[in-house]
Amino acid sequence: MSLAAANLSLRRGGTQILDGIDARFAPGRITAILGPNGAGKSTLLACLAGLAMPDTGDVTLNGMPRARLNARDLARQIGFLPQTADVHWDVDVATLVELGRFPHRGRWGAGEADRAAVAAAMAATNVTALASRTVNTLSGGERSRALLARVLAGTPDWLLADEPLASLDPAHQLDVLACLRDIAARGAGVIVVLHDLNQAARVADDILLMRGGRLVAQGSPEAVLTPELIARTYGVSAHIGHTPDGQRFIVATGRD
């Protein structure tokens with residue numbers, strides 16, 4: 001099981017958004033895509049998910065060009081969590097999460113496996129108590145967790161999430177990071193766009209560092225999140241330290 005991008009390039013309105021991106025992603029691991037605003041992170045994620053088509057290059061899933069997969073098969077294998085938490089219909093949380101099972105449901109509707117997957121997804125994102133609440137009564141953070149539960153209910157082989165920590169308080173950020181780790185531990189691949197370097201260092205097995213639509217570096221957090229590469233990518237000086245339990249932390253100390 002693999003997901004790969006080969007020489008992805010994309011222009012919009014005369015601007016080069018992606019420029020020759022080559023990357024491979026492994027199941028059972030979390031890859032964090034990092035970079036400043038406008039680096040092309042969300043566009044790369046959309047291309048991997050099949051929501052945007054590159055001008056050149058290809059995305060392969062298990063060695064097969066994504067274009068050869070039908071929409072249902074693609075939806076079963078890739079779950080996508082967008083950056084915005086918009087829901088354009090007012091349903092209760094349980095119904096919203098159940099929508100994540102749509103690619104798996106047979107002609108006779110939901111079965112026991114569907115109900116079990118929905119319950120597990122709601123428990124993993126701590127929204128079980130919100131099951132009967134309608135979406136328009138939720139806070140931004142609660143809505144974000146409900147949307148994550150909808151994606152998890154589909155039990156995808158790959159979870160692609162665009163800034164899933166946005167609008168969450170610190171406690172729920174840690175909960176979501178733990179949830180991502182659990183998903184990877186069960187064998188799925190996780191690709192997540194993040195802005196917080198410290199959260200990326202905490203959760204990621206691999207880092208994809210981008211700037212100006214190009215790949216700056218790819219590798220382990222220790223190899224990629226260095227003062228030199230951070231300066232090249234973000235234009236800031238950074239101090240790398242360690243907590244008493246050995247966790248790395250990164251502090252931006254000034255503009256280069």
Side-chain angles (χ1 to χ4, degrees), residues 29-37 39 41-42 44-46 49 51 78-100 117-156 158-186 188-208 221 225 234 243 247-252:
R29 297 177 70 84
I30 297 176
T31 299
I33 303 177
L34 304 177
N37 294 334
K41 305 181 298 296
S42 295
L44 174 58
L45 201 70
L51 300 175
I78 295 181
F80 180 74
L81 182 67
Q83 183 175 346
T84 57
D86 294 333
V87 178
H88 299 290
W89 59 95
D90 193 23
V91 296
D92 60 62
V93 170
T95 300
L96 177 68
V97 178
E98 287 167 6
L99 292 174
V118 168
M122 293 178 70
T125 54
N126 195 26
V127 297
T128 304
L130 307 175
S132 61
R133 293 263 303 274
T134 55
V135 174
N136 70 347
T137 67
L138 302 180
S139 69
E142 289 169 338
R143 182 177 302 194
S144 295
R145 288 187 283 123
L147 289 169
L148 176 58
R150 181 181 66 176
V151 177
L152 297 185
T155 59
W158 293 91
L159 171 63
L160 279 55
D162 195 354
E163 297 192 40
L165 306 185
S167 79
L168 296 181
D169 60 50
H172 281 116
Q173 286 185 11
L174 294 177
D175 289 344
V176 167
L177 293 177
C179 181
L180 297 181
R181 281 254 55 102
D182 288 342
I183 294 165
R186 293 195 292 269
V190 178
I191 307 173
V192 56
V193 170
L194 295 174
H195 271 296
D196 190 319
L197 302 185
N198 287 297
Q199 298 291 33
R202 172 189 295 271
V203 74
D205 300 299
D206 304 296
I207 300 286
L208 203 70
L225 295 179
Y234 292 93
T243 63
Q247 177 69 46
R248 296 172 81 238
F249 65 85
I250 302 161
V251 179

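Just so you know, these numbers come straight off a predicted model, no measurement behind them. All residue numbers in this chain count up from 1 along the given sequence.
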Quick check: do [X] and [Y] have side-chain heavy atoms less than 4.5 Å from each other?
{"X": "Arg202", "Y": "Asp196", "answer": "no"}
{"X": "Leu99", "Y": "Val91", "answer": "no"}
{"X": "Leu177", "Y": "Arg181", "answer": "no"}
{"X": "Leu168", "Y": "Ser144", "answer": "yes"}
{"X": "Leu34", "Y": "Leu225", "answer": "yes"}
{"X": "Met122", "Y": "Val93", "answer": "yes"}

Quiz prompt | Counterpart residues, salt bridge (Lys or Arg N to Asp or Glu O under 4.0 Å), relative to Arg248 (two or more places apart) | solution =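 Result, salt bridge (Lys or Arg N to Asp or Glu O under 4.0 Å) vs Arg248: none returned.
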[X] side chain vs [Y] backbone, donor-acceptor pair below 3.5 Å:
{"X": "Arg143", "Y": "Val135", "answer": "yes"}
{"X": "Arg150", "Y": "Leu96", "answer": "no"}
{"X": "Asp90", "Y": "Asn136", "answer": "yes"}
{"X": "Lys41", "Y": "Val192", "answer": "no"}

Looking only at heavy atoms, which two atoms of [X] and [Y] are closest? And how far apart?
{"X": "Ala146", "Y": "Val97", "value": "O-CG2, 3.9 Å"}
{"X": "Ala153", "Y": "Ala121", "value": "N-CB, 3.6 Å"}
{"X": "Pro164", "Y": "Leu194", "value": "CD-CD2, 4.3 Å"}
{"X": "Ala117", "Y": "Thr155", "value": "CB-CG2, 4.3 Å"}
{"X": "Val190", "Y": "Trp158", "value": "N-CE3, 4.4 Å"}
{"X": "Asp169", "Y": "His172", "value": "OD1-N, 2.8 Å"}

Got a second to check how far [X]'s [atom1] is from [Y]'s [atom2], nearest 0.5 Å?
{"X": "Ile30", "Y": "Ile183", "atom1": "CD1", "atom2": "CD1", "answer": "8.0 Å"}
{"X": "Leu159", "Y": "Leu180", "atom1": "CG", "atom2": "CG", "answer": "6.5 Å"}
{"X": "Ile207", "Y": "Thr31", "atom1": "CD1", "atom2": "OG1", "answer": "8.0 Å"}
{"X": "Leu44", "Y": "Leu208", "atom1": "CG", "atom2": "CG", "answer": "6.5 Å"}
{"X": "Glu142", "Y": "Thr125", "atom1": "CD", "atom2": "OG1", "answer": "11.5 Å"}

Quiz item: Which of these passes side-chain contact (heavy atoms from CB on, under 4.5 Å) with Leu45: Asp162, Leu51, Leu81?
Solution: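 Single pass found, and it is Asp162.
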